[in-house]
Amino acid sequence: MPITIRKLDSSQADFQTTLAALLAFEAGADEALEASVAAILADVKARGDAAVLEYTNRFDRIPDGGAASMAAFDITQAELDEALAGLPAAQREALQTAARRVRAFHERQKQELSGFSYTEPDGTVLGQKITPLDRVGIYVPGGKAAYPSSVLMNAIPAKVAGVAEIIMVVPTPDGVRNQMVLAAAAIAGVTRVITIGGAQAVAALAHGTASIAAVDKIVGPGNAYVAAAKRRVFGIVGIDMIAGPSEILIICDGTTDPDWVAMDLFSQAEHDELAQAILLCPDAGYIAQVEASIERLLPTMPRQAVIRTSLSERGALIKVRDMAEACDIANAIAAEHLEISAEEPQQYADRIRHAGAMFLGRYSSESLGDYCCGPNHVLPTSRTARFSSPLGVYDFQKRSSIIWVSEAGAQTLGKVAAELAYGEGLQAHARSAELRLDPVP
C-alpha cells in the first residue's frame, strides 16, 4: 500500500498558508481528563498517602490484591545495584557509556554557569550567586514503555547541578519493574525510586505526603494525565516543560544517501501518530529518491503503521529554492530536532536561530542524540524553541542577586531611588532610601 506524504514547493503561492496549517498543533482540551486529573490532585492533597496508595493499586493493577502500604513502592539501593549487575554486559556497558558522555557534557555546562561579583569605585559590591535546588522529582514512564535514556537525561544534570535529593517516580503496570530503568537510576545517582505514576505521583511530589517529601521542581515526560497534572501544579513547584509530539526537520543539500534520510524521518515518526517529520531540499530529483526510499523501507519497520500515519498526516517533503531559504523556513518551524545533512553544514548552522538541537553533517543522526552523544534529549517542541532551551544544569539551579551597598554608595543611589520612588507615589520607599543619606551640612 503506497504511502501518501505531502509534497510542497516553497514557490507555490499558498505555501506559507499550507505550511502553517501543517505545523499547527494544539492538544485539544479533554474535559473529562482535566476533571479527572483535578480530582486526583485534590484528593492526594487532602488524603496524602492513602489516596496515592488507592490510585496506584487501581490504575497500575498491582497484583496480589495490591500493596498494603506506601513502603511497598520503594526500591532499595540494593535492588538498583542488583538491576545494574544483572543486565547483559552489552546493555550495561552501553548504559554506562551513555551516562559518562551525558555527565561529561553537563559538567562542562556547569563550568559556564558560575556566579560573579564586582566592586564599584565607592565600595558597593554587586553580583550573582548560583545555588542548586534542594529536591527535585523525576517522572519516568514505566512498564512496557520504559525509557532508561530519560532517567540519564533528567537525573544526571540535576546531580551535576548539585541537587541534594533526586526522587524518581516510575509506574509499574501489573507490577512489572523494568530492569534497565532501575539500572539507569543506579548509574545516575538517583536518591530514591518510588514505583508510583500518573497524576497521583505528580500530586504527591508537588504537595508532599507523610512518606514523600514535597519537591521544588518536577521534570520528565509522561502521558496526557501526567502532562495535565504538571500543568496544574506549576506555581506550587517548577516544571521543565509541557512537551508536544516529537519532531524532526532535515535540511539536505542532496548529497546524503536517501536511505539515511528516510530512516531519520522514520526515527521520529515511529514515536506516535502525531509526531512530525519534514524534509527541506532544493533538489527535486533527490526528494523523489527519498520518497522512493520511504516506500521501500517502510514495510521493514515493526512500527510501520505508526510511521505511515505520522508521515501521511503531519509529514512533508518540501522543495525549496536554495539552502538559504531552507534555513529561513527552518527558523520559522523552530523544530525540536534539526538535522543539517550537507557537505558543509556549519555555514547553514550559522544561519539558524531557532532549534532545540542541531545535528550537523550526514553522520550526525538524531538517534545518536537521543541516547549517547551527551547533550540533553529533553528539548522544546511545538515551536517553543523560539524562546526555550534544552533541559540542562541551569534548570536545576537558581540565581540570587547580591547587593552590598557601601555607605558612600548609599549617598548616590539613595537620591536616585528616592526621586524615582516619589515619582511612583511610594513614599515609604523614598524615605527608606533617604534615611541612609548623610545629613546636609
Side-chain angles (χ1 to χ4, degrees), residues 30 32-87 135-148 150-151 154-155 165-186 188 190-215 218-230 232-233 237:
D30 184 326
L33 183 150
E34 292 290 342
S36 176
V37 168
I40 292 171
L41 293 178
D43 196 17
V44 172
K45 184 178 181 181
R47 295 197 296 130
D49 283 343
V52 176
L53 182 64
E54 178 184 316
Y55 290 124
T56 302
N57 281 332
R58 185 200 314 172
F59 296 145
D60 283 354
R61 305 175 301 279
I62 302 302
D64 301 323
S69 70
M70 288 292 293
F73 299 130
D74 263 290
I75 303 288
T76 66
Q77 185 62 50
E79 289 175 292
L80 297 182
D81 294 338
E82 184 180 343
L84 177 58
L87 289 182
R135 183 184 298 116
V136 299
I138 294 176
Y139 192 99
V140 177
K144 293 180 180 178
Y147 300 102
S150 286
V151 179
N154 285 276
E165 192 172 352
I166 303 171
I167 301 176
M168 182 177 117
V169 294
V170 53
T172 54
D174 303 308
V176 176
R177 297 177 174 181
N178 184 280
Q179 296 303 295
M180 278 196 78
V181 166
L182 299 185
V190 171
T191 312
R192 183 183 179 191
V193 178
I194 312 171
T195 57
I196 59 174
Q200 66 271 22
V202 174
L205 292 172
H207 297 296
T209 70
S211 68
I212 301 173
V215 302
I218 300 172
V219 301
N223 62 18
Y225 287 87
V226 173
K230 284 173 67 177
R232 285 178 174 271
V233 299
V237 294

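Not measured: the values here are computed from a predicted model.
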Asker: Side chains of Y139 and P221: closer than 4.5 Å at any heavy-atom pair?
Answerer: no
Asker: Is there a side-chain contact between R232 and V37, using heavy atoms and a 4.5 Å cut-off?
Answerer: yes
Asker: Is the backbone N or O of A214 less than 3.5 Å from a side-chain atom of R135, with the two atoms forming a donor-acceptor pair by type?
Answerer: yes
Asker: How far apart are the closest heavy atoms of A203 and L41, and which atoms are they?
Answerer: CB-CD2, 3.3 Å
Asker: Find the distance between OG1 (T195) and CE (M70) and round it off to the nearest 0.5 Å.
Answerer: 8.5 Å
Asker: Within this structure, what is the CZ-OG1 distance for the pair R61 and T56, rounded to the nearest 0.5 Å?
Answerer: 12.0 Å
Asker: Taking the side chain as every heavy atom from C-beta outward, state whether L80 and I75 have any atom pair closer than 4.5 Å.
Answerer: yes
Asker: According to side chain to side chain contact (heavy atoms under 4.5 Å, CB included), who are the partners of F59, at least two apart in sequence or on a separate chain?
Answerer: I40, Y55, Q200
Asker: Does T191 have any side chain to side chain contact (heavy atoms under 4.5 Å, CB included) partners at least two apart in sequence or in another chain, and if so, which?
Answerer: E165, I166
Asker: Rounded to the nearest 0.5 Å, what's the gap from CG on L53 to OG on S211? Could you check?
Answerer: 9.0 Å
Asker: Look at the side chain of S150 and the backbone N and O of V140, then say whether any donor-acceptor pair between them is shorter than 3.5 Å.
Answerer: no
Asker: Are the side chains of Y147 and V181 in contact, using a 4.5 Å heavy-atom criterion?
Answerer: no
Asker: Which atoms form the tightest heavy-atom contact between A155 and V190, and what is the distance?
Answerer: CB-CG2, 3.9 Å
Asker: Any side-chain heavy atom of I196 within less than 4.5 Å of one from V52?
Answerer: yes
Asker: Among V136, V233, V215, whose side-chain contact (heavy atoms from CB on, under 4.5 Å) with L205 holds?
Answerer: V215
Asker: Measure from the side-chain N and O atoms of D60 to the backbone N and O of P171, and report whether any donor-acceptor pair falls under 3.5 Å.
Answerer: no
Asker: Taking the side chain from K230 and the backbone from V219, do they hold a donor-acceptor pair closer than 3.5 Å?
Answerer: no
Asker: Looking only at heavy atoms, what is the nearest atom pair of N57 and A67, with distance?
Answerer: OD1-N, 2.8 Å
Asker: Give the intermediate values and the outcome of side-chain contact (heavy atoms from CB on, under 4.5 Å) for residues V193 and D74.
Answerer: CA-CA 6 Å; V193 178; D74 263 290; over 6 Å; no
Asker: Test side-chain contact (heavy atoms from CB on, under 4.5 Å) on E79 and L182 and set out the steps.
Answerer: CA-CA 8 Å; E79 289 175 292; L182 299 185; 5.7 Å; no
Asker: How close do L33 and A224 get, heavy atom to heavy atom, and via which atoms?
Answerer: CD1-CB, 3.6 Å
Asker: Please identify each residue that fulfils side chain to side chain contact (heavy atoms under 4.5 Å, CB included) with E82, with sequence neighbours left out.
Answerer: none
Asker: Rounded to the nearest 0.5 Å, what's the gap from CZ on R47 to OG1 on T209? Could you check?
Answerer: 12.5 Å
Asker: Which pair of non-hydrogen atoms, one from I212 and one from R192, has the smallest distance, and what is that distance?
Answerer: CA-NH1, 4.0 Å
Asker: So, the side chain of D64 versus the backbone of G66: is there a donor-acceptor pair under 3.5 Å, distance only?
Answerer: no
Asker: Would you sort out whether L87 and M180 count as a side-chain contact (heavy atoms from CB on, under 4.5 Å), showing the intermediate values?
Answerer: CA-CA 7 Å; L87 289 182; M180 278 196 78; 3.7 Å; yes
Asker: If you round to the nearest 0.5 Å, how far is CG of D174 from CD1 of I62?
Answerer: 8.0 Å
Asker: Within this structure, what is the CG-CD distance for the pair D43 and E54, rounded to the nearest 0.5 Å?
Answerer: 6.5 Å
